[in-house]
Number of protein chains: 2
Amino acid sequence: MSDEQRHVAVLPTHDEVKSLVESGTERGLLMTLFGRCRVEYDGRAASTLGFGDRLVILKPDGTVLVHTDEGHQPVNWQPPGCTHEIKKQDGLVVIESHRENPDEELIVRFDQVTHATAFEATDTEELQLHGTEADLRDQILEEPDLIEPGFEPLSTERETAAGAVDIYGTDSDENAVVVELKRRRVGPDAVSQLNRYVETLERELHAETTVRGILVAPSVTDRASELLAERNLEFVSLTPTN
Amino acid sequence: MSDEQRHVAVLPTHDEVKSLVESGTERGLLMTLFGRCRVEYDGRAASTLGFGDRLVILKPDGTVLVHTDEGHQPVNWQPPGCTHEIKKQDGLVVIESHRENPDEELIVRFDQVTHATAFEATDTEELQLHGTEADLRDQILEEPDLIEPGFEPLSTERETAAGAVDIYGTDSDENAVVVELKRRRVGPDAVSQLNRYVETLERELHAETTVRGILVAPSVTDRASELLAERNLEFVSLTPTN
DNA sequence: GTCTTCATGTCGGAT
DNA sequence: ATCCGACGTGAAGAC
């Protein structure tokens with residue numbers, strides 16, 4: 001068996017799995033285990049999952065992911081920073097992953113491991129993402145008239161007692177303007193959020209100025225639209241560019 | 001090479017990867033590819049990621065996950081229901097995954113595949129999860145006095161123009177009571193949500209009854225607490241049991 | 001550490 | 001299909 005192949009084990013014995021995971025953990029490798037297992041979780045919530053074929057991923061940062069054959073989300077997991085140990089118990093290969101704060105434990109028990117791999121992953125690149133709320137904000141700062149002619153941004157992340165306002169500025173009549181940004185179609189929650197900021201600022205500015213609230217998003221749902229009208233808030237349609 | 005090993009390829013050629021993925025896709029297998037790749041995504045947002053070692057998972061339901069050596073979250077992904085094709089292009093192995101509605105595309109280009117696997121995953125078990133909001137609701141329905149002596153639940157998921165109320169009931173003075181449940185410590189958003197329900201119900205009941213709003217959660221943040229006071233809403237501390 | 005909000009959130013249920 | 005809210009949400013940034 002060559003050096004390369006040593007990191008891939010097909011139908012390994014329990015002992016071989018154990019030694020592969022122990023050595024891989026020590027060397028900071030990215031590992032996968034595929035086989036028949038059951039899973040228990042106890043922490044903020046608690047769960048059990050009976051025997052079935054799943055893919056378990058162990059990352060060098062302590063992340064554990066248990067994936068079934070379906071879905072984007074892992075059926076069970078443990079976040080980065082966890083510590084795990086592997087042992088043989090009652091004829092099963094058992095991986096116990098522990099986390100503190102909150103105290104959480106994930107236990108995966110294999111009765112059969114179909115294959116196991118361990119590889120060093122070198123990844124220095126950062127993801128470049130476009131079309132986020134930050135991009136939408138930058139578009140507006142670049143061309144404030146997108147909100148309305150005469151709009152002047154004064155600050156971003158302006159602090160209020162209710163939290164930070166996305167963009168704070170003034171309109172051509174010197175009214176205060178609170179702009180809440182959403183990168184996609186919004187529901188009532190975003191309107192409530194904007195409303196909290198507007199109400200709070202009205203109080204903080206001692207009612208000497210009118211405070212307008214403008215929701216900026218690609219679109220709004222019907223409920224959100226009604227709520228905007230009720231609260232005397234405005235809507236401007238803008239979509240972040242990719 | 002045995003039948004079992006046929007699903008695991010170490011340092012496969014591009015052609016071997018292509019044929020493994022094509023055959024695995026056709027047969028509904030769960031596949032993993034580990035190697036050096038770059039990734040592009042375009043859809044609701046857009047992203048690029050330069051070359052690095054990553055683990056790519058292809059599920060029979062169309063899910064694609066690209067995992068780096070760090071983090072719970074995939075760095076790029078495609079949800080269930082996507083279709084993918086694999087091809088050779090400019091000396092690279094390229095996987096293109098496409099989704100409609102919204103139109104989204106994920107392209108993974110490998111210049112080197114370190115290993116590739118394809119396995120049939122049989123999983124009939126459902127996850128049993130405890131300690132959810134539904135469990136908290138059941139606790140209260142079982143013992144309504146947990147809210148307060150005399151509380152009587154009348155319905156769950158009661159519809160209002162603002163959405164469904166978690167638990168709707170009456171107190172010992174025949175006031176209407178809206179209960180909003182959260183399984184964990186809550187911030188201002190949950191208070192706003194409860195407030196929307198209470199305001200809407202006050203209007204729908206024609207002001208002939210007082211509507212009390214009670215937030216039930218393990219705890220609340222300071223901001224949320226202030227907002228509760230402002231809105232004349234109440235708080236009851238309860239934690240869902242595992 | 002806690003708090004707050006964003007996210008290509010994902011997921012499920014109801015309409 | 002869209003809407004709406006829960007999620008063991010996770011992740012990032014501010015304090």
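All chains are named by letter (A, B, ...) in the order of the sequence lines, taking the proteins before the strands, and each is independently numbered beginning at 1.
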Is [X] close enough to [N] that one of its side-chain N or O atoms is under 4.0 Å from OP1 or OP2 there?
| X | N | answer |
| --- | --- | --- |
| B/W77 | C/dT10 | yes |
| A/R44 | D/dG10 | yes |
| B/R183 | D/dG8 | no |
| B/Y197 | D/dC4 | no |
| B/T221 | C/dT4 | yes |
| B/R196 | D/dG5 | yes |
| A/Q73 | D/dG10 | no |
| B/Q193 | D/dC4 | no |
| A/R184 | C/dC6 | no |

Could you check whether [X] gets within reach of a base, just the sugar-phosphate, or nothing at all, counting any heavy atom under 4.0 Å?
| X | answer |
| --- | --- |
| A/A190 | nothing |
| A/P74 | nothing |
| A/E180 | sugar-phosphate |
| B/G131 | nothing |

5' priority, DNA chain C, between A/T132 and A/N101 [closest heavy atom]: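 Between the two, 5'-proximity favours A/N101.
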If you only use heavy atoms from C-beta on, which nucleotide in [options] is closest to the side chain of [X]?
| X | options | result |
| --- | --- | --- |
| B/Y41 | C/dT8, C/dC11, D/dG8 | C/dT8 |
| B/H72 | C/dT8, D/dC4, D/dG10 | D/dG10 |
| A/E104 | D/dG8, C/dT10, C/dT8 | D/dG8 |

Interatomic distance at [atom1], [N] relative to [M], whole Å:
| N | M | atom1 | result |
| --- | --- | --- | --- |
| C/dT5 | C/dG9 | C1' | 13 Å |
| C/dA14 | D/dG8 | C1' | 25 Å |
| D/dC7 | C/dA7 | P | 22 Å |

Nearest heavy atom decides the nucleotide; on that basis, is A/D222 or B/K182 closer to the 5' end of DNA chain D?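 In this pair, the answer is A/D222.
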Quick check on DNA chain D: between A/E157 and B/A161, whose nearest nucleotide comes earlier from the 5' end?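 Between the two, 5'-proximity favours B/A161.
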Give a yes-or-no answer on whether the side chains of B/S192 and A/R196 include a donor-acceptor pair shorter than 3.5 Å.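 A pair is found: one side chain offers a donor N or O, the other an acceptor, under 3.5 Å apart.
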Without decimals, in angstroms, what is the distance between [X] [atom1] and [N] [atom2]?
| X | N | atom1 | atom2 | value |
| --- | --- | --- | --- | --- |
| A/L227 | D/dG5 | CG | P | 10 Å |
| B/E159 | C/dT15 | CD | C1' | 9 Å |
| A/R158 | D/dA14 | CZ | C1' | 16 Å |
| A/E226 | D/dC4 | CD | P | 9 Å |
| A/E70 | C/dC11 | CD | P | 11 Å |
| A/L194 | C/dT4 | CG | P | 18 Å |
| A/E133 | D/dG13 | CD | P | 14 Å |
| B/I167 | D/dA6 | CD1 | C1' | 15 Å |

Under 3.5 Å, is there a donor-acceptor pair between the side chain of A/S237 and the main chain of A/P218?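 Confirmed, A/S237 side chain pairs with A/P218 backbone.
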Check: B/A161 main-chain N/O paired with A/R223 side-chain donor or acceptor under 3.5 Å: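 Present.
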Salt bridge check: are B/E199 and B/R231 linked by an N-O gap of less than 4.0 Å?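 No, this pair does not count.
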Looking at A/D123 and B/R54, is any side-chain nitrogen of the basic one under 4.0 Å from a carboxylate oxygen of the acidic one?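 Here B/R54 pairs with A/D123 in a salt bridge, since their nearest N and O are under 4.0 Å apart.
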Working for side-chain hydrogen bond (donor to acceptor under 3.5 Å, both in side chains), residues B/T132 and B/D135: CA-CA 5 Å; B/T132 63; B/D135 293 311; 3.2 Å; yes
Between the base of C/dT5 and the side chain of B/D189, is there a donor-acceptor distance below 3.5 Å?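 Answer no: no donor N or O sits under 3.5 Å from an acceptor.
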Pairwise side-chain contact, B/D69 with A/K59, heavy-atom cut-off 4.5 Å (strictly under):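 The answer is no, as the side chains (C-beta and beyond) never meet within the 4.5 Å cut-off.
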